[in-house]
Amino acid sequence: MMKRMRTLLLSFLLLAILPVSASASGFTKEAEEDLYQTILAGLQNGAGGVYDDAAGTMKPGAVPIDISHFGYSRTNSQETGFVYSVFRRVLYDHPEFLFLREGVYKRGKGDSYQKLIPLLYDTDSFYGDGKDRSIYQAEAEAAIKEAVSMALEADEPVERLLILYDWLAARNCYNWELGVAQKFDLPRAPYNNSPARGAYSALVRGDTVCKGLATAYKLLVDRLGDPRLECLIIYNLEGSHVWNLVSIDGTWYHVDVNAAINRFPTTPGLHGHALFLATTAQTKGAQGWTTAGTVPWSEQPACTGKTYASGWAFNDNSFPLHHYHGSFLYLRDGGLYQGGLHEQGTKIADIDPAGGTGICWHDGSLYYVDRDGSSWTLFSYSVDKMEKTALGEIPFTASASPDGRYPANYDSIGLRYDQLTGTVKAVSRTTRETLFQTAVDSTGPTFLDVPSSAYYAEAVRWALERDITSGTSKNLFSPDLALTRAQAVTFLWRAMGSPAPASESLRFSDVDTGKYYSDAVIWAAEKGIATGTSQTLFSPDMTLSRAQMITFLWRAMGRPNDSGSRIWYEDAVDWANEQGLLQGTADGFTAEGHNVCPRCDTVYYMWKALC
C-alpha cells in the first residue's frame, strides 16, 4: 500500500512543475488513477507515434488513446496539464516502454480533448538502420537479462545495486551532441527527439544521457524482483536532470549513474561512486541542485541514512568494481584487492593504472593501461592465475575532438569489453575511436541473446565463424525464432562450402532467380537434399519443421541406412538419434517431427553432424 501511495504522490511532483497547479483544481486521486490506467492500457496495446518536427504533425501509423469519456478540454491549461502529468507518471513508473518520450499529441473536435498520442523517439531517423522496433526490444531484453543475471549472483541488496550501477556506467558514454550542447550552452531543441534520452540507448547502444540511465536503472532494479528494494525516478524542478531514489529495506538513498559518466567527455572505465547510495546532503553538494532531490511530496523520503557514506569499497573509488566467485575485486591505493564490500580486502597485486585512463573487467581478469614515457601498454591481470600479461602497445597520441570543442589535452585512454566480439578495446576520450583491440575471450564472438552456458552456444559460434549466419541483427541471434525452408537450405549450403550448382535452371515456380537462397535451392534439388513440397513448388517461406531439417541433413550426409520403404523422415530420425543430434535440444522431437525447428537447433544439428 505504501508503494502505491508513493506512486500516487509522484503525480504531485509532476503537477508541481506545471504553470498552473492541477492539484488545486479539484482533480481527485480516483480520477487520476482512472486516467493512469487508461493511458497504461493504451501503451500496452501499442499506442504511440513519431512526431515529424519539420512537418509539424504526426507521421503515418500513429495509434491514439481514446480519453473522450473524461470530458477534458484542450484549451483548459489545468486539464491539459493534469493529463500530461498523469502521462508523465506512467512514463516514469513504466520504463519498459523503451521508446516513450516526454510528450503527447492532442487530438479533438472543437474544445474537446478526445484522444492523445504518446510520442515515441524517432529511431528510424536517428539510427538509420531500418530495423523493426521488435529487434530493438529484443536487444534490450538480452542486455537486461545479462545485467540482472550478474546482479543475482550476489546476495545482499547493496551488492546487487552496485553491480547494476557499475554495469550501466561501464558500458555508457554521455551522448556527444547533448553533452556539447549542455557544456557550451547551445540550443538543445534539435536533440529533444534523440533516442539517446531513452533506456534502450543506455542498455544497448552505450550512448545516452541522465534520463536514459535513470530509466534503465529503474528497469534493471525492478527486474531483480527483490522485495527488499524499490526504485523511483525523480528530477529537479528545472527539468534539467533525472536520477533515482532507491529504498533498501525501507531506507531511501539517492543513486545517480549519470554522475559517474558526466565528467565530459566520458572516459570509458573511469567512473566514480560519489552519488551511489548517497544522502540528500551529498546529492545537493555534488550537483548543486536547488533543492535536495527537488521532490515536493507531502511524504518526501528523507534520504538521510549514512550507512553507505564511508567504510565501503566503492567509497571514493574512481573505477568499476567486479563481482567474481562470491567476492569483489577492486583497485585502491595502488593495489588490486579482493574481499567483501564492507571489510578490509586482501591485497593480491600491486597495480596502479596510468593517470586518467580507464579499466575494464572480464571473467576474473582486470584490464588496464600502464605508461612508460611516451609508450602506452595494455595489460591484463588474471586473478585465477595470479599472472600479469602485456597484451600490446596502444598507438596513442593525444588528439582534439573532431568538432574542435575539446583540445588534445583533454584526451586519454578508456577501456571497455565488447561482448559481441570478445575483445577489450582501448578508446580515445575525445575522438571515441578505437585505438587498439585484442581478443580476450577464448569462446570468440557471440550475441547478446546467446548465453555462454547454452547447449547451442558453441554451435552458434561455429556458424558465425563460417559465415553460415550473421544473426538477425548485429547484436542478436534470436535463437528461438523459427526458420523458413529457404533459410534452412541456405544455412546447409553455406555449411557445405557454398558449392556452385551444376546449372542455373529452376524447377520450382516459386523460387525466383537472384534471391539469396536461389543457388542453395538449385544445389539442394540437384543433390536430392530438398525435393520440394510438390513437383513444382519449394515453398521457400514455409516454416521449417524438425523432421524437414533432420531429413535435409541426412540426405546431405549420403542417406545412411536408407531402408527405402518407410515414411520419408523416419530413417533420418533414426540416424539422428544414433548420432546424438537430438539430445538436449530446446523442445524435443515430437512423434511426427512436425514441431517447429528454431534457429538454435538448426545450427546445433548441423554442427553436431558436420563437425
Side-chain angles (χ1 to χ4, degrees), residues 166-176 179 204-208 260-272 317-322 324 329-331 334 336 349-383 385 387-403 405-446 448 474-475:
D166 277 341
W167 183 89
L168 264 182
R171 70 194 288 122
N172 275 282
C173 285
Y174 199 91
N175 177 263
W176 190 271
V204 178
R205 299 272 172 161
D207 176 48
T208 192
I261 70 165
N262 200 21
R263 184 173 173 265
F264 193 79
T266 307
T267 303
L270 184 65
H271 66 251
N317 197 321
S318 298
F319 297 110
L321 288 74
H322 184 51
Y324 185 64
L329 301 170
Y330 55 91
L331 291 178
L336 172 60
D350 291 316
I351 294 178
D352 191 11
T357 62
I359 68 167
C360 70
W361 302 91
H362 176 59
D363 197 23
S365 289
L366 167 68
Y367 298 88
Y368 65 99
V369 178
D370 204 354
R371 181 180 184 180
D372 183 7
S374 60
S375 177
W376 305 79
T377 304
L378 177 63
F379 284 92
S380 69
Y381 185 88
S382 169
V383 173
K385 298 178 181 179
E387 181 178 275
K388 174 181 174 181
T389 305
L391 301 177
E393 186 172 335
I394 302 171
F396 173 68
T397 300
S399 303
S401 62
D403 60 8
R405 293 287 182 181
Y406 290 88
N409 64 302
Y410 274 82
D411 203 4
S412 61
I413 302 172
L415 295 183
R416 62 163 39 119
Y417 171 69
D418 186 338
Q419 177 184 340
L420 298 178
T421 59
T423 59
V424 166
K425 295 182 176 181
V427 183
S428 163
R429 180 189 182 197
T430 53
T431 69
R432 297 196 171 176
E433 294 179 352
T434 298
L435 305 168
F436 177 82
Q437 62 181 330
T438 184
V440 299
D441 193 337
S442 60
T443 60
T446 186
L448 289 174
K474 175 185 175 183
N475 299 340

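In this chain, numbering begins with 1 at the start of the sequence shown.
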Exercise. Side-chain donor-acceptor pair under 3.5 Å between Thr377 and Asp370, yes or no?
Worked result: no

Problem set entry | Side-chain (Trp376) to main-chain (Pro395) donor-acceptor, under 3.5 angstrom | no

Seminar exercise, completed: With sequence neighbours left out, the residues meeting side-chain hydrogen bond (donor to acceptor under 3.5 Å, both in side chains) with Tyr174 are Gln182

Exercise. Are side-chain N/O atoms of Asp166 and His322 paired as donor and acceptor at under 3.5 Å?
Worked result: no

Exercise. Taking Thr431 for the side chain and Ser401 for the main chain, is one N or O donor matched with an acceptor at less than 3.5 Å?
Worked result: no

For this session: Answer yes if the ring centres of Phe264 and Trp176 are under 6.0 angstrom apart, and no otherwise.
Result: yes

Exercise. Yes or no on salt bridge (Lys or Arg N to Asp or Glu O under 4.0 Å) for Lys425 and Asp418, after CA distance, side-chain angles and deciding distance?
Worked result: CA-CA 7 Å; Lys425 295 182 176 181; Asp418 186 338; 2.9 Å; yes

For this session: Among residues two or more places apart or on two chains, list those pairs meeting ring-ring contact (aromatic ring centres under 6.0 Å, His included) that have a residue in residues 408-431.
Result: His362-Tyr417, Tyr406-Tyr410

Exercise. Are any non-hydrogen side-chain atoms of Arg429 and Arg263 less than 4.5 angstrom apart?
Worked result: yes

Hey, can you pull the donor-acceptor pairs under 3.5 Å for the side chains in residues 352-359, sequence neighbours left out?
unit_1, atom_1, unit_2, atom_2, d
Thr357, OG1, Ala354, O, 2.6

Problem set entry | Which residues share a salt bridge (Lys or Arg N to Asp or Glu O under 4.0 Å) with Asp350, sequence neighbours left out | Lys347

Problem set entry | side-chain contact (heavy atoms from CB on, under 4.5 Å) evaluation trace for Ser318 with His271 | CA-CA 5 Å; Ser318 298; His271 66 251; over 6 Å; no

For this session: Answer whether the closest heavy-atom distance between the side chains of Cys173 and Pro265 falls below 4.5 Å.
Result: no

Exercise. Between the side chain of Ser382 and the main-chain N/O of Lys385, is any donor-acceptor distance below 3.5 Å?
Worked result: yes

Exercise. Looking only at heavy atoms, which two atoms of Ser380 and Tyr367 are closest? And how far apart?
Worked result: CB-CE2, 3.4 Å

Exercise. Ala400: what forms a side-chain contact (heavy atoms from CB on, under 4.5 Å) with it, not counting sequence neighbours?
Worked result: none

Exercise. Closest heavy-atom contact between Leu331 and Asn317?
Worked result: O-ND2, 3.0 Å

Problem set entry | Which residues share a side-chain hydrogen bond (donor to acceptor under 3.5 Å, both in side chains) with Asn172, sequence neighbours left out | none

Problem set entry | Minimum side-chain heavy-atom gap Ile351-Lys388 below 4.5 Å | no

Exercise. Hey, does Val427 have a side-chain heavy atom less than 4.5 Å from the side chain of Ile413?
Worked result: no

Exercise. Is the shortest heavy-atom distance from the side chain of Asp363 to the side chain of Val440 under 4.5 Å?
Worked result: no

Problem set entry | Intermediate values then yes/no, side-chain contact (heavy atoms from CB on, under 4.5 Å), Tyr381 and Leu336 | CA-CA 9 Å; Tyr381 185 88; Leu336 172 60; 3.5 Å; yes

Exercise. How about Asp403: does its CG atom have over 12 heavy atoms from other parts shown lying under 6.0 Å from it?
Worked result: yes

For this session: Apply side-chain contact (heavy atoms from CB on, under 4.5 Å) to Trp361 and Leu321, showing your working.
Result: CA-CA 8 Å; Trp361 302 91; Leu321 288 74; 5.7 Å; no

Exercise. Distance-only, no hydrogens or angles: does the Arg371 side chain make a donor-acceptor pair with backbone N or O of Gly373 under 3.5 Å?
Worked result: yes

Problem set entry | Side chain Thr208, main chain Gly206, donor-acceptor under 3.5 Å | no

